[in-house]
2 protein chains.
Amino acid sequence: MKLTTKGRYAVMAMADLASFKDQGPVSLSDISLRQNISLPYLEQIFLKLKNNNLVKSVRGAKGGYKLELSPDEIKISNIISAVDEEVKMLNCKKDSKKGCNNKSSKCITHNLWDQLDQHINNFFEKVKLQDLVKKKQILNK
Amino acid sequence: MKLTTKGRYAVMAMADLASFKDQGPVSLSDISLRQNISLPYLEQIFLKLKNNNLVKSVRGAKGGYKLELSPDEIKISNIISAVDEEVKMLNCKKDSKKGCNNKSSKCITHNLWDQLDQHINNFFEKVKLQDLVKKKQILNK
DNA sequence: TTTAAATCATACTAAATTAGTAGGAATTGA
DNA sequence: TCAATTCCTACTAATTTAGTATGATTTAAA
């Protein structure tokens, strides 16, 4: 399972960006202060966010980052996958040593983890950046 | 997030135990062979499972472990929490340094992670050991 | 035109966690 | 008695995560 502070920080930073999107580009040092995340670490994260077209940068003094899309168009899943690669409990099939080899009763729990992955990804698909900024209840179904 | 191979192995081992429950106590060396998990590692895991009253042991030769309850009474969540402590994305409140301190806009994403935890725990609450052994589709809703 | 504020990029490192080993004691059926 | 088994604790290797370090590039503004 790949779901660590990097993913959390990314979501926090994007939420911060969304909150302050009306005052021009937001610098990472601002975010660093507000969210208490080290600046160089943020830089790494934003490199990935940029490569995934979630933000665009404005270089030089008074520069910073802006959202590429509006907050209601950005899904949490987009952010997570941009920095964290994937949400996956198993990596079967590749090598027969680690994970399961998908035959016999060995992988009796295979489906379980697959479905958990789906479940989590589903959750992240449903929630938009907008939902966080509005601070409203998410998924009250 | 605490959801690692230890939790996976525990579920696999319990599923194995459920599959062979009719032939008396199942030894860890059997499970080790069938599920390809190292024996001493299994021992650690079963210590916890026993302390949580999910299995009972039969010591000595021809000994092994048996389920304490029937497979349809054991939830996956019971197994996970027995070995993995908890499923939690954040640990706020304790120290103000790590996690968030729960005030101001800092914890804009607090609810999100709380709800994800609930979501995952929900999933594990719904699935019973029985469901794995039967190999039927879980949560087809 | 200089300077300071910012992004961009890569490489390195420390800390923490996970996964697994080692070693041996206790128990018990055959 | 002996072999198979659980029980228990401590240690260690490997991996991952989180964060630093370093320095180049860009650009608004003084």
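Sequence lines set the chain letters: A, B, ... in the order given, protein chains first and strands last, and positions in each chain run from 1. Just so you know, these numbers come straight off a predicted model, no measurement behind them.
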A.B. asks: Kindly state each residue pair satisfying ring pair (Phe, Tyr, Trp, His ring centres under 6.0 Å) with at least one member in residues 57-81 of chain A, sequence neighbours excluded.
C.D. replies: A:F46-A:Y65
A.B. asks: Taking only side-chain N and O atoms of B:S27, does any of them lie within less than 4.0 angstrom of OP1 or OP2 on D:dA4?
C.D. replies: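 For D:dA4, OP1/OP2 do not have a side-chain N/O of B:S27 under 4.0 Å.
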A.B. asks: Would you confirm whether B:T5, through its side chain, and B:R8, through its main-chain N or O, come within 3.5 Å as a donor-acceptor pair?
C.D. replies: no
A.B. asks: Just how far, in rounded Å, is P of D:dT5 from CZ of B:F46?
C.D. replies: 14 Å
A.B. asks: Name every donor-acceptor pair, under 3.5 Å, that has one atom in a side chain of residues 66-76 of chain A and the other anywhere in the protein, sequence neighbours excluded.
C.D. replies:
from  : atom 1 : to     : atom 2 : distance (Å)
A:S70 : OG     : A:D72  : OD1    : 2.4
A:S70 : OG     : A:E73  : OE1    : 3.3
A:E73 : OE1    : A:S70  : N      : 3.1
A:K75 : NZ     : A:E125 : OE1    : 2.9

A.B. asks: 5'-most contact on DNA chain D: A:T5 or A:V58, nearest heavy atom basis?
C.D. replies: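 Whichever sits nearer the 5' end wins; that is A:T5.
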A.B. asks: Output the single nucleotide from D:dA29, D:dG19, D:dC7 whose closest atom is nearest the side chain of A:Y9.
C.D. replies: D:dG19
A.B. asks: Could you check how far CD1 of B:I45 sits from C1' of C:dG20, rounded to whole Å?
C.D. replies: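 The answer, rounded to whole Å, is 10 Å.
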A.B. asks: Assign A:Y65 to base, sugar-phosphate, or nothing according to its heavy-atom contacts below 4.0 angstrom with the strands shown.
C.D. replies: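 Result for A:Y65 = sugar-phosphate.
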A.B. asks: For nucleotides 21-26 of chain C, give me one character per nucleotide, 5' to 3': B if any protein heavy atom sits under 4.0 Å from the base, S if the only such contacts are to the sugar-phosphate, - if neither.
C.D. replies: B----B
A.B. asks: Do B:Y41 and B:I80 share a hydrophobic cluster (ILVMFWY, side-chain heavy atoms under 4.5 Å, transitive)?
C.D. replies: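 Yes, B:Y41 connects to B:I80 through the hydrophobic network.
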A.B. asks: Work out how much the helix from C:dT1-D:dA30 to C:dA30-D:dT1 bends between its end axes, five pairs an end, to the nearest 10 degrees.
C.D. replies: 0°
A.B. asks: Could you pull out all residues at least two apart from A:N122 that satisfy side chain to side chain contact (heavy atoms under 4.5 Å, CB included)?
C.D. replies: none
A.B. asks: Can you tell me if A:K50 touches the phosphate of C:dT7, counting only side-chain N or O atoms and a distance under 4.0 Å to OP1 or OP2?
C.D. replies: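 Answer no for this pair, as no side-chain N or O of A:K50 is under 4.0 Å from OP1 or OP2.
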A.B. asks: What's the NZ-C1' distance between B:K48 and C:dA19, to the nearest Å?
C.D. replies: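 Rounded to the whole Å, the gap is 12 Å.
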A.B. asks: I want to check one thing: is the phosphate of C:dA19, taken as OP1 and OP2, less than 4.0 Å away from some side-chain N or O of B:T4?
C.D. replies: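 Yes, B:T4 has a side-chain N/O under 4.0 Å of OP1/OP2 on C:dA19.
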A.B. asks: For residues B:N78 and B:N52, determine if any side-chain heavy atom of one lies less than 4.5 Å from a side-chain heavy atom of the other.
C.D. replies: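 Contact flag for B:N78/B:N52 side chains = no.
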A.B. asks: Nearest whole Å is fine: how far is D:dT6 P from B:L17 CG?
C.D. replies: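 Roughly 11 Å, once rounded to whole Å.
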A.B. asks: Suppose we screen for side-chain hydrogen bond (donor to acceptor under 3.5 Å, both in side chains). Which residues come up paired with A:S32, at least two apart in sequence or across chains?
C.D. replies: none
A.B. asks: Measure CG/B:L49 against C1'/D:dC7 and give the value in whole Å, please.
C.D. replies: 14 Å
A.B. asks: Could you state the CG-C1' distance from A:L47 to C:dT10, rounded to the nearest angstrom?
C.D. replies: 10 Å
A.B. asks: How many angstroms lie between atom CD of B:Q115 and atom NE2 of B:H110, to the nearest 0.5 angstrom?
C.D. replies: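 Between B:Q115 CD and B:H110 NE2, I get 10.0 Å after rounding to 0.5 Å.
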A.B. asks: Would a single hydrophobic cluster contain both B:L42 and B:L47, if residues Ile, Leu, Val, Met, Phe, Trp and Tyr are joined by side-chain heavy-atom contacts under 4.5 Å?
C.D. replies: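 B:L47 does not cluster with B:L42.
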A.B. asks: Got a second to check how far A:D30's CG is from A:F20's CZ, nearest 0.5 Å?
C.D. replies: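 Here the rounded value is 8.0 Å.
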A.B. asks: Expressed as a whole number of angstroms, how long is the span from A:K66:NZ to C:dA6:P?
C.D. replies: 16 Å
A.B. asks: Let me spell it out: for each of A:A61 and A:S57, pick the nucleotide of DNA chain C with the closest heavy atom. Which residue's pick is nearer the 5' end?
C.D. replies: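 It is A:A61, whose closest nucleotide lies nearer the 5' terminus.
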A.B. asks: Would you mind reading off the distance between B:I37 atom CD1 and C:dA19 atom C1', rounded to a whole angstrom?
C.D. replies: 12 Å
